[in-house]
Amino acid sequence: MGIFLIKVGDLTIPTMDDIDIRSKKVLLRIDINSPVDENGKIIDDSRIKAHIGTIKELADKGNSIVLISHQGRPGDKDFISLEEHTKLISKYLDREVVFVEDVIGPYAREMIKKLENNGILLLDNIRLISEELIEAPPQQHVKTFLVRKLAPLFDVYVNDAFATSHRSQPSIVGFPLALPSAAGRVMEREVSALARIFNAEDTPKIFTLGGGKVHDTIRIIENLVRKRIADRILTGGLVAELFSVAKGINLNPKNMEILEKLGILSLIPRARKLLLSGAPIEIPVDYKVEINGNVMEEPASKITGVIKDIGSTTAEIYSSFIKDAKVVVLRGPMGVIEDERFKSGSKSVLKASLEGQGYVIIGGGHMISALDKDMKIDSSKVHISTGGGALLLFLSGERLPALEALSMSVVNSSD
Ligand SMILES: Nc1ncnc2c1ncn2[C@@H]1O[C@H](COP(=O)(O)OP(=O)(O)OP(=O)(O)O)[C@@H](O)[C@H]1O
Ligand SMILES: O=C(O)[C@H](O)COP(=O)(O)O
């Protein structure tokens with residue numbers, strides 16, 4: 001036993017080969033948090049597909065499985081139930097998965113107790129439970145209602161949710177202190193692939209960071225700069241707008257109002273400090289904007305429309321940097337990719353990365369959905385991570401709570 005453990009820094013993490021998982025009742029935490037359109041329809045199911053291998057392997061070993069995941073955040077448009085996700089898992093798994101419209105209530109617990117013979121349940125959105133939104137250490141979360149109500153119903157906990165491994169929330173860090181636990185195959189694959197980029201001789205390393213989670217991303221940029229991991233950081237999305245404003249560029253009141261509403265302007269001092277420190281941060285020289293429904297490109301110094309993507313000149317400059325990189329990490333789209341008109345920035349940097357010579361890591365639900373069917377993906381040099389924020393925190397050398405908790409779990413011996 002214990003010969004497949006994954007080593008991450010000073011952590012030793014059990015894999016599914018290190019604990020006895022046959023004919024057991026397994027609680028499997030996955031991350032099927034997916035981009036949805038304005039009608040709440042899933043527009044990209046790559047994260048759902050990513051977990052099918054782990055679920056199938058556990059089912060083939062005679063286990064009965066209860067799946068848990070979050071979708072979105074309370075208050076956001078994409079905070080929906082997991083009913084549609086259930087149908088997609090059943091489709092790709094080619095097995096019945098029963099949706100349980102409950103999480104820790106009596107109905108859910110009854111369904112779990114009755115589950116047998118290889119059955120598979122998916123509980124509803126775990127963030128319906130308010131405790132799940134609290135960030136705290138494993139020792140505190142093992143005492144939550146969520147963990148205390150569910151853990152006694154299971155033999156084993158498997159965490160396959162690499163994309164949520166940066167959240168110290170009960171469903172991620174509470175169970176390993178209550179049950180024999182292991183990393184799922186997605187978690188195992190992600191950690192092994194991503195560790196590759198820490199070898200020093202692989203330079204230049206270029207990070208292309210965009211999207212809307214600016215509070216997560218600036219923290220990561222600070223880490224990347226402090227630990228000198230990134231040789232160049234190319235910004236897009238709302239991240240680029242923050243750094244443009246921090247550089248003193250006037251983005252016009254309409255864009256400033258958007259940034260204000262999202263609390264992004266409060267990050268200007270930190271962005272300015274990074275720029276003044278000489279951090280290798282690139283910002284767009286032009287943007288693609290929308291004016292009264294029309295799309296046009298404007299130089300960053302003369303923005304009159306609402307910014308929706310990086311401009312074509314910026315895309316060219318970024319692509320030229322990317323082509324010479326030994327390692328390229330992309331997370332967060334360059335524009336509002338839900339709208340076809342604003343996908344070109346993301347597609348340009350993805351295309352340049354896939355055509356370059358470097359090892360490419362692509363992360364983030366929205367960014368992965370920008371991959372075109374006709375983009376050639378050589379799996380020996382491309383790792384499509386299921387992680388967005390988690391990917392970047394890992395890459396910037398931050399410890400991930402999920403890995404810490406798994407390393408604390410009791411690895412039971414197999415009979
Ligand atoms: N210029 C922009 N203005 C407003 N929203 C933007 C802009 N550029 C990108 N976005 C939004 O960013 C969101 C994606 O950001 P996010 O940080 O979630 O990226 P991601 O790749 O999905 O990573 P993760 O998987 O961590 O969520 C999209 O909904 C997109 O519309
Ligand atoms: O999409 C992600 O990054 C993960 O699912 C985590 O989602 P969160 O940022 O809402 O915790």
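In listed order, ligands and their atoms are each counted from 1.
At under 3.5 Å, not a single nitrogen or oxygen of Met334, backbone or side chain, sits near a nitrogen or oxygen of ligand 1. For ligand 2, none of its N or O atoms has an N or O atom of His166 under 3.5 Å away. Close N/O approach between Lys213 and ligand 2 is found [any backbone or side-chain N/O within under 3.5 Å]. Of the N or O atoms in Met367, one or more lie within a sub-3.5 Å distance of an N or O in ligand 1. Backbone and side-chain nitrogen or oxygen atoms of Arg167 are examined, and one is located within less than 3.5 angstrom of a nitrogen or oxygen of ligand 2. Below 3.5 Å of separation, one finds no N or O of Asp309 facing any N or O of ligand 1.
The option from Arg73, Gln169, Glu132 that lies nearest to atom 8 (P) of ligand 2, judged by heavy atoms, is Arg73.
Ring geometry, Phe162 versus Phe394: the interplanar angle exceeds 60°, so the pair is classed perpendicular (tilted spans 30 to 60°).
A salt bridge links Lys343 with Glu340; the closest basic N to acidic carboxylate O contact falls under 4.0 Å. Between Glu290 and Lys308 a salt bridge is recorded (basic side-chain N to carboxylate O distance below 4.0 Å). A salt bridge does not link Lys87 to Glu83: none of the charged nitrogens lies less than 4.0 Å from a carboxylate oxygen. Salt-bridge formation is detected for the pair Asp372/Lys347: a Lys NZ or Arg NE/NH1/NH2 atom is positioned less than 4.0 Å from an Asp or Glu carboxylate oxygen.
Among all non-hydrogen protein atoms, the one lying nearest atom 25 (O) of ligand 1 is Gly365 N, 2.7 Å. Of all protein heavy atoms, the one closest to atom 12 (O) of ligand 1 is Gly212 N, 3.2 Å. The shortest contact between atom 7 (O) of ligand 2 and any protein heavy atom is with His70 NE2, 3.4 Å.
Taken from CD in Glu84 to CD1 in Ile48, the straight-line distance is 7.5 Å, to the nearest 0.5 Å.
For Arg47, every heavy-atom contact with ligand 1 shorter than 4.0 Å involves the side chain, none the backbone.
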